[in-house]
Enquirer: 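Before I ask anything, let me first share the structure, which is written out below as structure tokens.
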Number of protein chains: 2
Amino acid sequence: MNIGEVAKKSNLPAKTIRYYEDIGLITPLRDTNGYRSFRESDMHKLAFLGRSRALGFTIEDCRNLLALWDDQDRASADVRAIASEHLEQIERKIADLIAIRDTLSHLVQTCAGDGRPDCPILAKLEKFPT
Amino acid sequence: MNIGEVAKKSNLPAKTIRYYEDIGLITPLRDTNGYRSFRESDMHKLAFLGRSRALGFTIEDCRNLLALWDDQDRASADVRAIASEHLEQIERKIADLIAIRDTLSHLVQTCAGDGRPDCPILAKLEKFPT
DNA sequence: ATAGGGCTTCCAGTAGCTGGAGGGTCAAGG
DNA sequence: CCTTGACCCTCCAGCTACTGGAAGCCCTAT
């Protein structure tokens, strides 16, 4: 399979797939013309990567998850450790964003949003502590 | 005021302050020895920037907000437009993260996390659609 | 005079791609 | 046989918003 087809099937841009090869996440074969030749196992890994990335795992997490996936003797505890660490980060991020959203949505609501210059948003950014 | 003091007062790293000068957000004066010399107005802008950034505005948003702040004839509508655009992005991000969190927390809960290799997290990453 | 801390500039690196230049390859149509 | 267009290749640069570090000047205190 050439990269274009793989890109379509995996729903990843060809650029990204090449990048994943660059950083050693996959190692497709090469045809005599220099074109990458993807096996089923490569496709499989790319699908895995796509889903892991969609869940927000970092590339390094993905690398580790992929290694565990390949390792038939893995301990599920190792997988879970990565996932729950990531989960905690996400919880923190959500909390941060919610705090920001609350502040911001209050400000937006109190701003007239007309032609006059008075603006509680600017006032907040100017005066109040973070 | 030298950069060290400003950094302390504004709670921004000196590196960041220099960076903000680089990209034209502030333009402190210079002493004869080449040291940056910050006026009150620079401090004020840095505080504004710190708070804007803490609310997650991009640097370009900050640049625009700062310009509006400086402009006594601004329309509050312009400020509000920036803020509510940003707010929408945050809402979207929160929604995305919550979806991820729900998936992930379910997976983490169903994974035994022991010495055995069976792992629903890997199973999900392997098999199911994004 | 020297030691320390603070200041300067400039260069490189972070994460995870993405865009583009410049060029080779392949299959189909004329 | 030639051309056209759609592929593919590599390499380099750029994105965000900093951050770290090297090399070196400046200032103050001892």
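Per chain, numbering begins at 1; letters A, B, ... match sequence-line order. A quick note: this is a predicted structure, and the numbers were derived from the prediction, not measured.
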Enquirer: Please list, in numerical order, the residues of residues 32-41 of chain A that have a heavy atom closer than 4.0 Å to any atom of DNA chain D.
Expert: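 Going residue by residue through residues 32-41 of chain A, the ones with a heavy atom under 4.0 Å of DNA chain D turn out to be G34(A), Y35(A), R36(A).
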Enquirer: Holding to side-chain contact (heavy atoms from CB on, under 4.5 Å), I want the full list of residues that pass it with H106(A), two or more places apart in sequence or in another chain.
Expert: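 With sequence neighbours excluded, H106(A) shows a side-chain contact (heavy atoms from CB on, under 4.5 Å) to T110(A), given in chain and number order.
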Enquirer: What integer distance in Å separates I59(B):CD1 from dA17(D):C1'?
Expert: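 So the CD1-C1' distance, I59(B) to dA17(D), works out to 6 Å.
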Enquirer: Search all heavy atoms of P28(B) against all heavy atoms of D42(B) and return the closest pair with its distance.
Expert: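 That would be CA-OD2, 3.7 Å.
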Enquirer: Which ones in residues 11-19 of chain A lie close to DNA chain D, meaning a heavy atom under 4.0 Å from one of its atoms?
Expert: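 Contacting residues: K15(A), R18(A).
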Enquirer: In Å and rounded to the nearest 0.5 Å, what is the CD1 to CZ distance from I100(B) to F57(A)?
Expert: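 So the gap between those two atoms works out to 9.5 Å.
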Enquirer: Which pair of non-hydrogen atoms, one from A83(B) and one from V108(A), has the smallest distance, and what is that distance?
Expert: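 Smallest heavy-atom distance, with atoms named: CB-CG2, 3.7 Å.
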Enquirer: Whole angstroms only, please: what is the CG-P distance between L46(B) and dC18(D)?
Expert: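 In whole Å, dC18(D) P lies 12 Å from L46(B) CG.
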Enquirer: Could you tell me the separation between the CG atom of D22(A) and the P atom of dT10(D), rounded to a whole number of Å?
Expert: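 Rounded to whole Å, this separation is 8 Å.
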Enquirer: Provide the closest heavy-atom pair for G113(A) versus A77(B) in the form atom of the first, atom of the second, distance.
Expert: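 Looking at all heavy atoms of both residues, the shortest contact is O-CB, 3.3 Å.
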Enquirer: Step by step, would you call E21(B) with R30(B) a salt bridge (charged side-chain N to carboxylate O under 4.0 Å, His left out)?
Expert: CA-CA 12 Å; E21(B) 183 186 8; R30(B) 294 291 177 138; 3.3 Å; yes
Enquirer: Let me confirm one number: the CG-CG distance from D61(B) to L68(B), rounded to the nearest 0.5 Å.
Expert: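 Here the interatomic distance stands at 10.5 Å.
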Enquirer: Could you tell me which residues satisfy salt bridge (charged side-chain N to carboxylate O under 4.0 Å, His left out) with R18(A), sequence neighbours excluded, listed by chain and number?
Expert: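 Salt bridge (charged side-chain N to carboxylate O under 4.0 Å, His left out) check on R18(A) returns nothing, list empty.
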Enquirer: Among the clusters formed by ILVMFWY side chains lying less than 4.5 Å apart, do I17(B) and Y35(B) turn up in the same one?
Expert: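 Cluster IDs for I17(B) and Y35(B) differ.
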Enquirer: Flag the pair D114(A) and R116(A) as a salt bridge only when some basic side-chain nitrogen lies within less than 4.0 angstrom of an acidic carboxylate oxygen.
Expert: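 The answer is yes: the pair qualifies as a salt bridge.
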Enquirer: To the nearest 10°, give me the bend of the helix from dA1(C)-dT30(D) to dG30(C)-dC1(D), comparing the axes of its five terminal pairs at either end.
Expert: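 Comparing the axis at each end, I get an angle of 30°.
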Enquirer: With nearest nucleotide decided by heavy atoms, which residue, R30(B) or K8(B), maps closer to the 5′ end of DNA chain C?
Expert: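 Closest to the 5' end, via its nearest nucleotide, is K8(B).
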Enquirer: Taking atom P of dC25(D) as reference, at what distance in whole Å does atom CG of N2(B) sit?
Expert: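 Taking CG of N2(B) and P of dC25(D), I get 19 Å after rounding.
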Enquirer: Would you please test K8(B) and E5(B) for salt bridge (charged side-chain N to carboxylate O under 4.0 Å, His left out) and show each step?
Expert: CA-CA 5 Å; K8(B) 236 175 262 169; E5(B) 195 182 343; over 6 Å; no
Enquirer: Nearest 0.5 Å, please: how far is CD1 in I26(A) from CZ in F38(A)?
Expert: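 So the gap between those two atoms works out to 5.0 Å.
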Enquirer: Tell me the closest heavy-atom pair linking L12(B) and L46(B), and the distance in Å.
Expert: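 So the minimum-distance heavy-atom pair works out to CD1-O, 3.7 Å.
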Enquirer: Indicate, with a heavy-atom threshold strictly under 4.0 Å, whether F57(B) touches base, sugar-phosphate, or nothing.
Expert: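 Nothing, no heavy atom under 4.0 Å.
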Enquirer: With a non-hydrogen cut-off below 4.0 angstrom, is I23(B) in contact with a base, only sugar-phosphate, or nothing?
Expert: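 It contacts nothing in the nucleic acid.
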Enquirer: On DNA chain C, which is the earliest and which the latest nucleotide, 5' to 3', with an atom closer than 4.0 Å to a heavy atom of chain A?
Expert: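 Nucleotide range in contact with chain A: dG16(C) to dC26(C).
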